[in-house]
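Inspection log for the structure reproduced underneath, given as structure tokens.
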Amino acid sequence: MDNAVLGPDDLVMDLGAGTGSITAELVRTRARVLAVERDEEFVGDLERRYGDHENLRVVHDDLLSVPLPHREFAVVANIPFSITTALLRRLLNTPNGSLTQADLLVEWGMAKRLTAAWPRDLEAAWWAARFEISIKHRVPATAFRPAPKIDAAHLVFKRKTGQSKHLQGVIWALLSTAYGGPNVPARTALTSFITRGRAHRMLHEIGIESQAPVGTIKLSQWLGIATELAADKSLSWPPLPKNLRTDGSRREEAPNRGLRAPQGKAAQGRANQGNAGRGQGNTGQGKAAYGKGKGGHGNSGQDRSNQGRSAQGRSTGKPRRAPGR
């Protein structure tokens with residue numbers, strides 16, 4: 001909560017609000033809070049306990065499909081381990097998304113992989129190119145009831161400023177080429193976009209041998225190359241893949257479905273009643289969520305209705321694969 005630095009002008013989402021431990025703290029910041037919860041019983045509890053707060057709106061929906069806000073927003077959440085990747089794709093993939101910062105509790109191993117100096121795949125590199133990713137601190141398994149078998153981490157994502165959508169398109173094109181053939185010589189890879197002579201000069205200026213494998217080029221160097229190429233208006237770039245142009249919502253095709261911030265008690269009272277009859281249990285958590293599940297972390301053992309296809313990011317009804325895999 002302290003790391004998120006929230007105030008009255010901010011919009012923040014608690015994804016998988018459960019019993020409201022995080023929601024209660026978010027409300028006290030006076031930020032406008034969207035508490036997303038799938039379990040109908042938990043939704044009722046949240047509304048009874050916190051419904052008199054004008055800065056809170058309880059949303060009865062699934063965090064893997066709820067429309068994301070169109071205005072800038074933050075996320076503070078304790079998310080199920082089993083759907084971490086699917087949720088991160090929703091939050092981080094879209095180049096023109098509105099997420100500014102996320103403070104998440106995730107599995108320790110996942111946190112270490114995402115903060116590695118060398119991203120292990122295209123998807124991780126795409127996220128790291130556009131967000132500063134850091135581990136705030138390690139959270140021991142003993143901090144949860146029941147305790148899981150593994151520790152967690154407070155993982156922080158902060159969007160990098162000054163990156164236009166055009167620049168991000170260039171970044172994606174270069175990273176796709178690099179991860180598509182990590183052993184291809186750097187100059188050969190760049191000649192997909194520019195002349196051999198220019199590719200040689202650019203690589204020489206940043207201290208990279210022309211025949212060096214593209215897999216050895218650091219992410220920071222790719223960003224420098226992308227920035228220079230993005231400034232050249234004579235170059236054309238392939239369009240971003242479709243799965244990077246939406247937020248992954250099942251209702252993405254419906255216009256104007258972005259969530260609105262709470263606006264007084266009338267807004268909270270509605271609490272997305274159109275979804276109330278679905279009987280979805282907060283991202284598959286049901287009553288096993290947040291400290292009640294057999295799998296611990298309050299999350300990792302709970303995700304019955306979203307395991308399998310939904311937990312793999314296919315809750316949209318259409319298969320979704322990680323970019324470049």
Side-chain angles (χ1 to χ4, degrees), residues 84-97 99 110 113-133 157 159-203 205-248 252 312-314 316 318-325:
T84 299
T85 300
L87 178 60
L88 291 179
R89 286 174 184 149
R90 290 209 66 205
L91 295 175
L92 308 178
N93 270 1
T94 313
N96 59 340
L99 178 71
M110 168 70 80
R113 289 193 295 274
L114 291 181
T115 55
W118 297 90
R120 69 175 185 175
D121 55 33
L122 174 59
E123 188 168 55
W126 173 241
W127 297 344
R130 297 157 41 253
F131 288 85
E132 299 289 349
I133 308 175
F157 298 84
R159 182 179 289 278
K160 295 178 181 179
T161 59
Q163 288 188 348
S164 66
K165 187 176 180 180
H166 173 67
L167 172 58
Q168 292 181 61
V170 178
I171 291 171
W172 173 260
L174 293 177
L175 291 179
S176 297
T177 299
Y179 280 87
N183 295 319
V184 172
R187 186 170 65 180
T188 302
L190 283 180
T191 53
S192 301
F193 310 105
I194 56 178
T195 65
R196 289 177 61 86
R198 184 176 180 183
H200 177 78
R201 288 193 299 274
M202 288 187 67
L203 292 170
E205 288 172 359
I206 59 177
I208 298 174
E209 293 291 334
S210 294
Q211 296 303 311
V214 291
T216 63
I217 301 177
K218 297 179 180 178
L219 182 60
S220 59
Q221 293 172 319
W222 279 122
L223 293 179
I225 293 172
T227 300
E228 180 175 338
L229 295 182
D232 187 344
K233 302 304 181 183
S234 67
L235 299 175
S236 60
W237 300 90
L240 286 167
K242 185 177 180 181
N243 64 320
L244 295 185
R245 287 180 267 148
T246 71
D247 71 6
E252 185 65 38
Q312 295 301 320
R314 293 196 289 271
T316 61
K318 298 180 181 179
R320 292 215 314 275
R321 287 174 286 190
R325 290 183 180 176

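The structure presented is a predicted model; accordingly, all values stated were derived computationally and were not measured.
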Determine all donor-acceptor pairs shorter than 3.5 Å in which one atom belongs to a side chain in residues 162-169; sequence neighbours excluded.
residue : atom : partner : partner atom : Å
Gln163  : NE2  : Ala129  : O            : 3.0
Ser164  : OG   : Leu167  : N            : 3.0
His166  : NE2  : Ala230  : O            : 3.2
Gln168  : OE1  : Arg130  : NE           : 2.7
Gln168  : NE2  : Pro95   : O            : 3.1
Gln168  : NE2  : Gln163  : O            : 3.3

List, one per line, each side-chain donor-acceptor pair under 3.5 Å for residues 173-189, sequence neighbours excluded.
residue : atom : partner : partner atom : Å
Ser176  : OG   : Trp172  : O            : 2.7
Ser176  : OG   : Trp172  : NE1          : 3.3
Thr177  : OG1  : Ala173  : O            : 3.0
Tyr179  : OH   : Pro119  : O            : 2.9

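Residues Ala124 and Leu114 approach most closely at CB-CD2, 4.4 Å, considering heavy atoms. Minimum interatomic distance between Asn93 and Trp126 (heavy atoms only, all atoms of both residues): O-NE1, 2.9 Å. For the pair Ile171 and Ala226, the tightest heavy-atom approach, listed with the atom from each and the gap, is CG1-CB, 3.6 Å. Trp127 and Thr85 make their closest contact through CH2-O, 4.5 Å (heavy atoms, listed as atom of the first residue, atom of the second, distance).
Shown here are the side-chain hydrogen bond (donor to acceptor under 3.5 Å, both in side chains) partners of Ser234, two or more places apart in sequence or in another chain: Asp232. With sequence neighbours excluded, the residues that form a side-chain contact (heavy atoms from CB on, under 4.5 Å) with Glu209 are Ala212. The side-chain contact (heavy atoms from CB on, under 4.5 Å) search around Arg201 returns Arg198, not counting sequence neighbours.
Atom CD1 of Ile208 sits about 5.0 Å away from atom CD1 of Ile225, to the nearest 0.5 Å. For the atom pair CG (Leu229) and CE (Met202), the distance works out to 4.0 Å, reported to the nearest 0.5 Å.
In this structure, Leu91 and Phe157 have side chains that are not in contact, with every pair of non-hydrogen atoms separated by 4.5 Å or more. By the 4.5 Å heavy-atom criterion applied to side chains, Ile206 and Ile217 are not counted as neighbours.
Between the Arg89 side chain and the Asn243 main chain, no donor and acceptor come within less than 3.5 Å of each other. In this structure, the side chain of Arg159 engages the main chain of Leu99 through a donor-acceptor pair within 3.5 Å.
Sequence neighbours left out, the pairs with a member in residues 210-224 that pass side chain to side chain donor-acceptor pair (under 3.5 Å) are His200-Ser210.
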